[in-house]
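Labels below follow one simple rule: chain letters A, B, ... track the order of the sequence lines, proteins then strands, and each chain is numbered from 1. Small disclaimer: the values here were computed from a predicted structure and weren't measured.
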Amino acid sequence: MGYNFNEIEKKWQKRWRDNNTYRVTENADKKKFYVLNMFPYPSGAGLHVGHPLGYIASDIFARYKRLCGFNVLNPMGYDSYGLPAEQYAIQTGQHPAITTDQNINRYREQLDKIGFCFDWNREIRTCDPEYYHWTQWAFIKMFNHYYDNSAKCCKPIEELITKLSKEGSAGIDAACTQEVNITAEQWNAMSENEQQELLMNWRIAFLNETMVNWCPKLGTVLANDEVVDGVSERGGYPVVQKKMKQWCLRVSAYAQRMLDGLDRIDWTESLKETQRNWIGRSEGTEMLFSVKDSDVQFTIFTTRADTIFGVTFMVLAPESELVATLTTEAQKAAVEEYIDRTKKRTERERIIDRNVSGVFTGSYAINPITGEEIPVWVSDYVLSGYGTGAIMAVPAHDSRDYAFAKHFGIEIRPLIEGCDVSEESFDAKEGIMTNSPTAAFADCKLNLNGLTVKEAIATTKRYVTENKLGRVKVNYRLRDAIFSRQRYWGEPFPIFYKNGVPYPIPEKCLPLELPEVEKFLPTESGEPPLGHAKMWAWDTVNNCVTEKEKIDNETIFPLELNTMPGFAGSSAYYLRYMDPRNHNALVSKEADNYWQNVDLYVGGTEHATGHLIYSRFWNMFLFDLGVSVKEEPFQKLVNQGMIQGRSNFVYRIKDTNTFVSLNLAKNYDVTPLHVDVNIVSNDILDIEAFRTWRPEYADAEFILENDKYICGWAIEKMSKSMFNVVNPDTIVEKYGADTLRMYEMFLGPVEQSKPWDTNGIDGCHRFLRRMWNLFYDKDDNLIITDEQPTKEELKSIHKLIKKTTEDIPAFSYNTTVSAFMICANELGTLKCNKRAILENFVIVLAPFAPHICEEIWESLGHTTSVCDAQWPTFNEEYLKEDRIKYTISFNGKARFTMDFATDADKAYIESTVLADEMTKKYIEDKPIKKVIVVPKKIVNIVF
RNA sequence: GCGCCUGUGGCGAAAUUGGUAGACGCGCCAGACUUAGGAUCUGGUGUUUCGCGACGUGUAGGUUCGAGUCCUAUCAGGCGCACCA
């Protein structure tokens, strides 16, 4: 019979489920280890072979840790709110909850077949009210907190209110939307509504009228990371800038902490770099410029304070409020025309069209250092959202300013010795300053001439600060996250509106469940889909949801119609896994203290600037609240690579139904056609299967080479339309889950993207069969003996134990699989059937191929699962060799090999003797200059 | 433009601190057993040469007794950021 993987795998998957083998509970006697996969969005297409790659890798890690005696948390769940289910609902009227449920069941079925050690008792779904209770709860907490910059943590908004009522805004150093100057008297004189509106300036979850990425096609706003190259990441629809009132999260308040935190976590350098770029810290100077013949002043931000003497014009962003103030009567028409023109363009168009454009406002600013008059322009190359929306332009040392100056014929004034600005600007931050100031401003108190750029920046900063002309400022590219979506299938906001002012519903009333609607589209008046909900008003007397018709704005108020974006539910899910059924808290103190944070997080790199930013922010907020014990949620992060599809082609001779094999195709005029990879094996087409694949090929003719039809191939994205999707189920059926697991790991480094290619899978399958044959004879009788192992056998197995023990923590799985193969070959050659050796083999293989190992483990007489075995330790003694082959080289040449003692000192003596002999033998007339003994492999004798 | 990463056989890939480059698997070649082979087993397989040998880790230098590994330059590919002042 031999290795019957189908039966074995079914048996053990059932056994694991029945025995709850992978259930995990907090256990203070054991050290914890938390392994987590980025939970999937259950799409209608099901899993393809690329999805399990990361799950298998983390599963191996989890099983390894368990064998090492750790209490391992390895949960799984579903990120089940999302666009596809909603769009399907719009098209078919089917409630998204139903499709989502179906998809989840399909996912679960597929996952179960691969033999993961997930603790399904802890499963969570983001669309489950039990779960989003805590998403809403966190939102209310964010609404009720502000960020204290000096204390570097968030604080209850009540503390801010107290400060405002006692001292006004004077003593407040808090993250805010806009700088506010207000006295206590002013604050106290405000109405409730006015106060609430002003508090939005500080709340961490706040409502803000802001320029948003509006996607008309999707009918919703998008966060910055959901917009790529000016189009929506999902669907690729155009995105325009639109001013709208939206919920936002003050992520920017945590910018510095998120940046600093990167140094303390074990992520890849490239991912950290991506986040650093996204946060975009920029240290510079804010400088105050006055306007000629006016008492208006405005600030600009620059990283090149040293170039202040080279400023020949100023530029405002078209959206800047200053534009209206600074435009003179004479220029008004021109400016308005220009702004109209830029408004009409989408961001994408603005990026693509890099032609220089702009218009003069008619006003002049005064250089605060020299007193020079500088024209103020408007141009769309300056962004309103970054810095102050106004810049000082130094054409000699900034390429964008340079292009602008050239186009409009503005003076270009070089400030660095020896730089040539006749063709292009000199942007490098290096060189010696000159012309700073020029003779014309010789009496200027600031003199940078002769300094390096670095020194000049520091000197100018000091001068500006001392003379109160501005201040040192750090800017971040990271924007606050826009948190409203005009969609149905998402978490509802626990917010109602009283006199147009938002108030959270009481925490004890959570969760606020998503209401039923008749239609999933926006309402006729343009409200989000929740506008259709009948039961969508808040009764403040009974603290419950009630009919919308009852709204009286006295005790019954309208509820928020927007829902939360996709990243809301995925931001703190790892905390919920620690204590998923807790009705009183997101996570209990005990569970949180025990599990702490995720030790190993595995997922795709596409979340670098989305989920992984929001999640860190969200966790830091909860950390400030004392809810989460760790500031960083994911200690180590591994990005698994993508698995691409390997498409196959057949070549049809034009206007015929004849197909010609790959290497003969060049002789004909052919059309390449995608062919389903499932009817191709090792690039050889199954001709019969091809004829039945599609009716039009039923009577296809073939021109073969060597009696075979060879297909062409290409690496493409795995997709239905290219017929290159490989479903893990078919692999499991044909080879078994253990082979699939081994093979996915053998394919190459986990972190690397690679095409799926079934060509090598037989090798892994053969290994498992050979492994099986070490234990059983042809009639499936166990052939294990209790004999003492030989030295050679011990060496072979200890080599394997060493390799696995060192490689698994390093995530070097492909070489580990090789090591298994080598060991199995060696033991096969030695005809080893000794328990003392083979039991260890089973244990170290168990993380990779759990089913076959359980089966063997059981027939070896064990009554407990192989999961509860103990990871063997290797003994260096068995690995040592008395003598090692060394390579002898003369001046690095003329090499031959011979044995030497492993002991370095002995080897030195032996090699010296050898050198003496060599001298006599080969080079009698030349003396030996040098003998080098490198402990390990080579003895080099130099003449 | 700035930043990060990667370049090794026909293919996927190995290579501890610099120490016999190409482990392991696929594919290919030969043989064995078979009615049969897309099963199994054994041996071979970087290039070149009949052989000895020579040459080989994108390219060009450098350090070293010795470089895939370290340094410099350069080319190619991938990823991230990007009118961010």
Side-chain angles (χ1 to χ4, degrees), chain A residues 2 229 268-282 284-285 300-305 307 315 317 350-351 353-354 356 379-383 385-394 397-401 403-404 427 475-479 605-606 608-609 639 681-684 686 708 713 742-743 746-749 751-755 757-767 769-770 773 806 810 812 814-825 828 885-893 895-897 929-932 934-943:
Chain A
D229 290 335
T268 61
E269 204 41 52
S270 69
L271 188 62
K272 288 197 218 177
E273 204 53 37
T274 301
Q275 289 217 340
R276 285 192 194 107
N277 279 339
W278 189 259
I279 295 167
R281 185 181 202 272
S282 165
T285 317
I300 57 93
F301 175 78
T302 180
T303 52
R304 291 295 301 273
T307 59
V315 189
R350 266 167 74 162
I351 291 169
D353 174 21
R354 295 205 174 185
V356 176
S379 173
D380 66 1
Y381 84 87
V382 173
L383 306 176
Y386 185 78
T388 61
I391 62 155
M392 63 179 215
V394 186
H397 302 292
D398 181 288
S399 52
R400 294 150 303 174
D401 298 344
F404 193 88
D427 291 14
N475 261 332
Y476 299 91
R477 203 191 71 94
L478 184 71
R479 303 297 151 80
T605 177
E606 67 271 19
T609 54
N639 289 120
S681 166
N682 288 356
D683 290 338
I684 296 163
D686 180 336
K708 288 170 189 161
W713 59 273
M742 298 290 295
Y743 184 57
F746 184 63
L747 220 46
E751 298 91 333
Q752 198 173 296
S753 283
K754 58 226 154 195
D757 182 351
T758 18
N759 287 350
I761 200 166
D762 290 315
C764 288
H765 191 62
R766 267 199 280 268
F767 156 72
R769 279 219 298 268
R770 268 204 294 271
N773 292 336
E806 285 169 359
S812 181
N814 55 334
T815 56
T816 316
V817 176
S818 296
F820 287 130
M821 292 175 176
I822 294 167
C823 188
N825 283 345
K885 265 198 175 152
Y886 284 79
T887 298
I888 314 297
S889 53
F890 300 88
N891 280 340
K893 290 198 172 180
R895 289 187 299 221
F896 63 95
T897 56
K929 269 195 215 144
K930 195 156 60 166
V931 178
I932 297 170
V934 180
K936 260 206 178 162
K937 287 219 163 150
I938 288 185
V939 178
N940 197 351
I941 301 164
V942 184
F943 301 97

What is the nucleic acid contact for A/R276, judged by heavy atoms within less than 4.0 Å: base, sugar-phosphate only, or nothing? nothing
What is the pairing partner of B/G27, taking Watson-Crick or G-U wobble pairs with both distances under 3.5 Å in any strand? B/U45
Counterpart base for B/U63, defined by Watson-Crick or G-U wobble contacts under 3.5 Å: none
Re B/U34: Watson-Crick or G-U wobble partner, both distances kept under 3.5 Å, found to be none
May I ask you to say what A/R770 touches in the nucleic acid, namely base, sugar-phosphate or nothing, with a heavy-atom cut-off under 4.0 Å? sugar-phosphate
Using purine N1 to pyrimidine N3 plus N6-O4 or O6-N4 for Watson-Crick, or N1-O2 and O6-N3 for G-U wobble, both under 3.5 Å, which nucleotide pairs with B/G68? none
With a non-hydrogen cut-off below 4.0 angstrom, is A/E806 in contact with a base, only sugar-phosphate, or nothing? nothing
Classify the nucleic acid contact of A/D757 as base, sugar-phosphate or nothing, counting any heavy atom under 4.0 Å across all strands shown. nothing
Taking the same atom, C1', in B/C33 and in B/U40, what whole-Å distance lies between them? 8 Å
Provide the distance between the two C1' atoms, one in B/G38 and one in B/G53, to the nearest whole Å. 41 Å
Which whole number of Å gives the distance between the P atom of B/G56 and that of B/C5? 29 Å
A/N475 side chain to A/G284 main-chain N or O, any donor-acceptor pair under 3.5 Å? no
Ignoring backbone atoms, establish whether A/N277 has a side-chain N or O less than 4.0 Å from OP1 or OP2 of B/C79. no
What interatomic distance, in whole Å, is found between C1' of B/G27 and the corresponding atom of B/G12? 11 Å
Indicate whether OP1 or OP2 belonging to B/A85 is found under 4.0 Å from a side-chain N or O atom of A/Y386. yes
Which one is paired to B/U6, where only Watson-Crick or G-U wobble pairs with both distances under 3.5 angstrom count? B/A76
Tell which nucleotide pairs with B/G1, taking only Watson-Crick or G-U wobble pairs whose two distances are both under 3.5 angstrom. B/C81
Contact class for A/S270 vs. all strands (heavy atom < 4.0 Å): base, sugar-phosphate, or nothing? sugar-phosphate
Out of B/C81, B/G25, B/G3, which has the shortest distance to the side chain of A/W278? B/C81
